[in-house]
**Student:** 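Provided herewith is a single structure, encoded as structure tokens, for subsequent inquiry.
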Amino acid sequence: DAPNLRPVYNPVSHMVYAANGSEVQMTMVEGEVLYRDGVYTKFDYKSLLGEIEEIRDWVAGLAAQV
């Protein structure tokens, strides 16, 4: 019902050009649900964000040395 998804003339084209990540309800790979209704089911998302921030800090430190 999102405004960016209305009106629909060609469903396939609309899905490619008008939809975005916020419309994703579920992601499934080989029958296994990886993401459903805003929750990642196979890994700790907050922990992953922490690792990403550590990598960001490491890269920023390398850039400062140049």
Side-chain angles (χ1 to χ4, degrees):
D1 294 329
N4 62 311
L5 298 178
R6 299 287 179 193
V8 177
Y9 300 108
N10 180 323
V12 174
S13 175
H14 211 69
M15 187 186 241
V16 171
Y17 295 109
N20 60 54
S22 67
E23 277 86 42
V24 175
Q25 298 287 319
M26 182 178 72
T27 302
M28 181 182 282
V29 176
E30 294 183 354
E32 190 171 10
V33 175
L34 303 179
Y35 175 86
R36 177 177 279 168
D37 298 325
V39 177
Y40 293 93
T41 60
K42 295 297 174 189
F43 62 90
D44 180 3
Y45 185 70
K46 288 184 180 183
S47 176
L48 176 63
L49 290 179
E51 289 182 39
I52 292 169
E53 289 175 3
E54 288 176 12
I55 293 168
R56 178 203 59 203
D57 295 343
W58 174 73
V59 170
L62 290 176
Q65 293 175 6
V66 175

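Start at 1 with the first residue, then count along the sequence.
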**Student:** Per the salt bridge (Lys or Arg N to Asp or Glu O under 4.0 Å) rule, what does the pair list look like for residues 43-64, sequence neighbours excluded?
**Tutor:** none
**Student:** What distance do H14 atom NE2 and N4 atom CG have between them, rounded to the nearest 0.5 Å?
**Tutor:** 7.0 Å
**Student:** With a sphere of 6.0 Å drawn around OH of Y17, does it hold more than 12 non-hydrogen atoms of other residues, nucleotides or ligands?
**Tutor:** no
**Student:** Which residues satisfy the side chain to side chain contact (heavy atoms under 4.5 Å, CB included) test with L62, sequence neighbours excluded?
**Tutor:** W58, Q65
**Student:** Taking V8 as the starting point, is it possible to reach M15 by hopping between hydrophobic residues whose side chains are less than 4.5 Å apart?
**Tutor:** no
**Student:** With a cut-off of 3.5 Å and sequence neighbours excluded, list every side-chain donor-acceptor pair involving residues 20-34.
**Tutor:**
from	atom 1	to	atom 2	distance (Å)
N20	OD1	S22	N	2.9
N20	OD1	S22	OG	2.5
E23	OE1	N20	N	2.5
E32	OE2	K42	NZ	2.9

